[in-house]
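Right, one structure below, let's go through it.
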Amino acid sequence: MKENWFEVIHEDKKSKARVGVLHTLHGDVFTPVFMPVGTQGTVKYLSNEELKAIGSQIILSNTYHLWLRPGENVIENAGGLQKFTNYNAPMLTDSGGFQVFSLASTRKINEEGVTFKNHLNGDLLFLSPEKSIQIQNKLGADIIMSFDECPAYPSEYDYLKNSVERTVRWAKRGKEVHQREDQALFGIVQGADKEELRKYSAEELVKIGFDGYSIGGTSVGEDKETMKKMVDYSVKYLPKNKPIYQMGIGSYDAIFEGVLRGVDMFDCVLPTRIARHGALMTSQGRINIRDKQYEYDLSPLDPECNCETCRNYTRSYLRHLYRVDEGLGKRLLSLHNLRFLLKLTEDMRKAILEDRFIEFKEEFFNKYNLNKINPKGF
RNA sequence: GGGGAGGUAGCGAAGAGGCUAAACGCGGUAGACUGUAAAUCUAUUCCUUUGGGUUCGGCAGUUCGAAUCUGCCCCUCCCCA
């Protein structure tokens, strides 16, 4: 990737928040950005047209899952992920590293790579840093990830140290086989809440040299203060002229904390998953549309939202769709939750450009008062 | 008219003398979910002033003790006339 593929447009005068732009072959992405997750080459229940209509700039897909089905050759044959899915806009693939964590019960890690029991039929599969990059080269996303291990939290220090060092070696091996100049390759900083490990991880990755840097290993069960430390300990040792991506973050408060600390990119299944389960992020706090109190409620899901769902449907009807388990319900609810986060990042970019990010954060928290309604802050 | 099966919580359905306010499923009411093995998982669901109260079609019995055993009655379904 060209050295200036990422440009910082404006830095907030009172925090580390910044507005930037990623130049990719499939278009520009303005940061801070929230990236919806479409693991299997689709954001569950939503079409590309709907995603674009709510302001989605870039979406994620997953190497492990696409490798299993339909297979990277099928996607390469179609001309790459963007053509295969007809999402003619920027895309990012995760390396399969997270599956090392989430499929922990069926995997074995060694220096060479990871042996998984395929979650579909139990077949033994082997994924290595080289293999992951080679698959991602074929998938052809605009941004691809190094193959890492995301250790459980908490883990023993010795285990963490070995894991972090191995993840650095894996990153180097991945970079060595990376073929495509049109794909940005990110390294992933690990090290849990240990500053010396985060420092080591970040500095070693920077020595190798990547087009951007991810912060991995957050939101794996640690408390909020610990997550802030993890971000601080990572950003501190990363270059300012490269994008920083905090992986797996989708609660509004964690996004604020990340942006405040200099993070540019976020992705998360949270908005779509909780939507499918009836939970919605609204300007009035988090609600569960299944609840009886909405049975006769003819108001929109979120009166301050302009998404298709909020413009056209009542809570009463959305509750009905949820309860009868209709796909339209899952679609409309997913659409809204994504719009909520996309709008949030749009507003963040505006606030940063006006040097009022900290004020915006306070206004947002106060206005919506979500902490009072939902202590966990989703 | 003859023969057979059965009536258990909102529904379906286990249980065949004490470990049973009664398994399990559905339905109901809530909660969770953060680089998606997730249309998933968890709690709760007779009443209650949390001490207890009232239950397994009804009534009457047997028994220290009955949803479970006995008698009579009521009701459903199936087969044959």
Side-chain angles (χ1 to χ4, degrees), chain A residues 34-45 58-66 68-69 92-107 116-123 125 132 136 141 143-151 153 186 188-190 214-224 227 230 245-255 257-258 263 265-281 286-295 319 321-331 333-334 337 341 374-378:
Chain A
F34 178 78
M35 307 182 283
V37 180
T39 303
Q40 314 245 36
T42 164
V43 177
K44 293 183 193 300
Y45 289 93
I58 171 170
I59 62 173
L60 246 75
S61 207
N62 183 279
T63 300
Y64 170 77
H65 291 280
L66 295 179
L68 296 185
R69 293 184 302 194
L92 181 155
T93 44
D94 187 26
S95 61
F98 187 71
Q99 279 63 45
V100 182
F101 169 73
S102 67
L103 300 176
S105 59
T106 72
R107 55 90 166 126
F116 291 97
K117 254 188 187 169
N118 171 336
H119 71 277
L120 300 172
N121 59 16
D123 281 357
L125 296 168
S132 173
Q136 294 187 78
I143 301 173
I144 69 177
M145 291 293 128
S146 294
F147 187 67
D148 68 326
E149 181 193 355
C150 175
Y153 181 88
F186 279 44
I188 303 176
V189 178
Q190 291 288 353
S214 294
I215 300 170
T218 69
S219 192
V220 288
E222 77 283 10
D223 60 41
K224 289 184 182 189
M227 189 196 288
M230 290 172 164
Y245 162 26
Q246 188 181 358
M247 307 181 80
I249 294 303
S251 63
Y252 82 93
D253 59 332
I255 294 175
E257 297 300 340
V263 177
M265 304 160 68
F266 304 87
D267 79 285
C268 201
V269 305
L270 188 73
T272 45
R273 180 183 290 167
I274 70 175
R276 293 196 304 280
H277 299 161
L280 288 313
M281 306 180 207
R286 181 171 152 157
I287 70 170
N288 195 320
I289 199 64
R290 173 195 53 197
D291 290 356
K292 195 170 180 62
Q293 61 178 300
Y294 307 116
E295 188 173 15
R319 175 175 191 266
L321 289 178
Y322 177 80
R323 286 161 54 88
V324 295
D325 198 22
E326 281 289 343
L328 178 62
K330 296 182 199 308
R331 184 192 130 210
L333 297 175
S334 296
N337 269 356
L341 289 182
N374 175 24
K376 285 196 77 172
F378 287 177

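From a predicted model like this one, the values you see are computed outputs, not experimental measurements.
Looking at residues two or more places apart in sequence or on another chain, you find no side chain to side chain donor-acceptor pair (under 3.5 Å) involving A:Tyr322. Here A:Arg273 pairs with nothing under the side chain to side chain donor-acceptor pair (under 3.5 Å) rule; sequence neighbours left out.
Using Watson-Crick or G-U wobble geometry with both donor-acceptor distances under 3.5 Å, B:U54 finds no partner in any strand shown. Across all strands shown, B:G1 pairs with B:C80; the Watson-Crick or G-U wobble distances both stay below 3.5 Å. Across all strands shown, the partner of B:G27 is B:U45, judged by Watson-Crick or G-U wobble contacts whose two distances both fall under 3.5 Å. Pair check for B:U62 finds none; no Watson-Crick or G-U wobble contact set falls under 3.5 Å. Shown here, B:C33 forms no base pair; nothing in the strands shown gives a Watson-Crick or G-U wobble contact with both key distances under 3.5 Å. When both distances must be under 3.5 Å, the Watson-Crick or G-U wobble mate of B:G6 is B:C75.
Distances from the side chain of A:Asp325 to the nucleotides B:U29, B:U34, B:A39 place B:A39 closest. Nearest to the side chain of A:Tyr322, among B:U40, B:A38, B:U29, sits B:U40. For A:Arg319, counting side-chain heavy atoms from C-beta on, the closest listed nucleotide (B:U29, B:G31, B:C33) is B:U29. Listed nucleotides: B:A39, B:G31, B:A37. Nearest to the side chain of A:Gln99: B:A37. For A:Asp148, whose side chain is taken as the heavy atoms from C-beta onward, the closest listed nucleotide among B:A38, B:G35, B:G31 is B:G35. Proximity note for A:Lys292 (side chain, C-beta onward) versus B:G35, B:C33, B:U29: the nearest is B:U29.
Comparing B:A21 with B:C56, their P atoms are spaced 13 Å from each other, to the whole Å. Separation of the P atoms belonging to B:A32 and B:G17 is 46 Å when rounded to the nearest angstrom. B:C73 and B:G28: their P atoms are spaced 42 Å apart (whole Å). Annotation: B:A66 and B:G57 have their C1' atoms spaced 16 Å apart (nearest Å). Here, B:U70 and B:G6 have their P atoms 13 Å apart, quoted to the whole Å. One P atom belongs to B:C77, the other to B:G12, and the distance between them is 14 Å to the nearest Å. Between B:C78 and B:U44, the two P atoms lie 40 Å apart (nearest whole Å). Annotation: B:U36 and B:C19 have their C1' atoms spaced 44 Å apart (nearest Å).
Counting any heavy atom pair closer than 4.0 Å across all strands shown, A:Arg107 reaches no nucleic acid atom. Residue A:Tyr45 is classed as a base contact, given a heavy-atom separation below 4.0 Å to a base. Here A:Thr218 lies out of heavy-atom contact (under 4.0 Å) with every strand. Across all strands, A:Ala254 comes closer than 4.0 Å to no nucleic acid atom at all (heavy-atom distances). When heavy atoms are screened at a 4.0 angstrom cut-off, A:Leu60 is found touching the sugar-phosphate backbone but no base atom. Among the heavy atoms of the strands lying under 4.0 Å from A:Gln190 is at least one base atom, whether or not backbone atoms are also near.
Within the 4.0 Å cut-off from OP1 or OP2 of B:G27, not a single side-chain nitrogen or oxygen of A:Arg323 is found. Distances shown here put every side-chain N or O of A:Ser251 at or beyond 4.0 Å from the OP1 or OP2 atom of B:U34. Between A:Ser219 and B:U34, a side-chain N or O to OP1/OP2 separation shorter than 4.0 Å is absent. Remark: A:Arg286 is in phosphate contact with B:A32, judged by side-chain N or O atoms under 4.0 Å from OP1 or OP2.
If you measure from atom CG of A:Leu270 to atom P of B:A32, you get 11 Å, rounded to the nearest angstrom. At whole-Å resolution of the value, CE in A:Met35 and C1' in B:U34 are 13 Å apart. B:C33 atom C1' lies 12 Å from atom CG of A:Asn337, rounded to whole Å. Atom CG in A:Leu333 sits about 12 Å away from atom C1' in B:A39, given to the nearest Å. Protein atom CG of A:Leu66 is 14 Å distant from nucleotide atom C1' of B:G35, rounded to whole Å. Distance, A:His277 NE2 to B:A30 C1': 16 Å, rounded to whole Å. The CG atom of A:Leu125 sits 13 Å away from the C1' atom of B:A37 (whole-angstrom rounding). B:U36 atom C1' lies 13 Å from atom CE of A:Met247, rounded to whole Å.
Taking the six-membered ring for Trp and thresholds of 30 and 60 degrees, A:Tyr64 and A:Phe116 have ring planes inclined between 30 and 60 degrees apart. Ring geometry for A:Phe186 versus A:Tyr245: interplanar angle over 60°, hence perpendicular rather than tilted (30 to 60°).
A donor-acceptor contact under 3.5 Å is formed by the side chain of A:Thr272 with the base of B:U36. Between the side chain of A:Arg276 and the base of B:A39, no donor-acceptor pair under 3.5 Å is found. Side-chain to base pairing of A:Asn62 with B:G35: no donor and acceptor N or O lie closer than 3.5 Å to each other.
Among A:Asp94, A:Asn62, A:Thr106, the single residue meeting the side chain to side chain donor-acceptor pair (under 3.5 Å) criterion with A:Gln99 is A:Asn62. Checking A:Met265, A:Met230, A:Met227 one by one against A:Gln246, the side-chain contact (heavy atoms from CB on, under 4.5 Å) holds for a single residue, A:Met227.
A donor and an acceptor atom, one from each side chain of A:Asn288 and A:Asp291, are nowhere located under 3.5 Å apart. A side-chain donor from one of A:Ser251 and A:Asp253 sits under 3.5 Å from a side-chain acceptor of the other.
The two residues A:Asp267 and A:Phe34 come nearest to each other via the heavy atoms C-CE1, 3.8 Å. Nearest heavy atoms, A:Leu66 versus A:Ser61: CD1-OG, 3.4 Å.
Sequence order on RNA chain B of the closest nucleotides to A:Asp267 and A:Gln293 puts A:Gln293 first from the 5' end.
With respect to the salt-bridge test (charged N to carboxylate O, under 4.0 angstrom), the residues A:Asp325 and A:Lys330 qualify.
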Identify the pairs formed between an N or O of the protein and an N or O of nucleotides 42-47 of chain B at a distance under 3.5 Å, and give each distance.
none

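With centroids closer than 5.5 Å and planes inclined by less than 30 degrees as the test, A:His65 and the base of B:U36 fail to qualify as a stacked pair.
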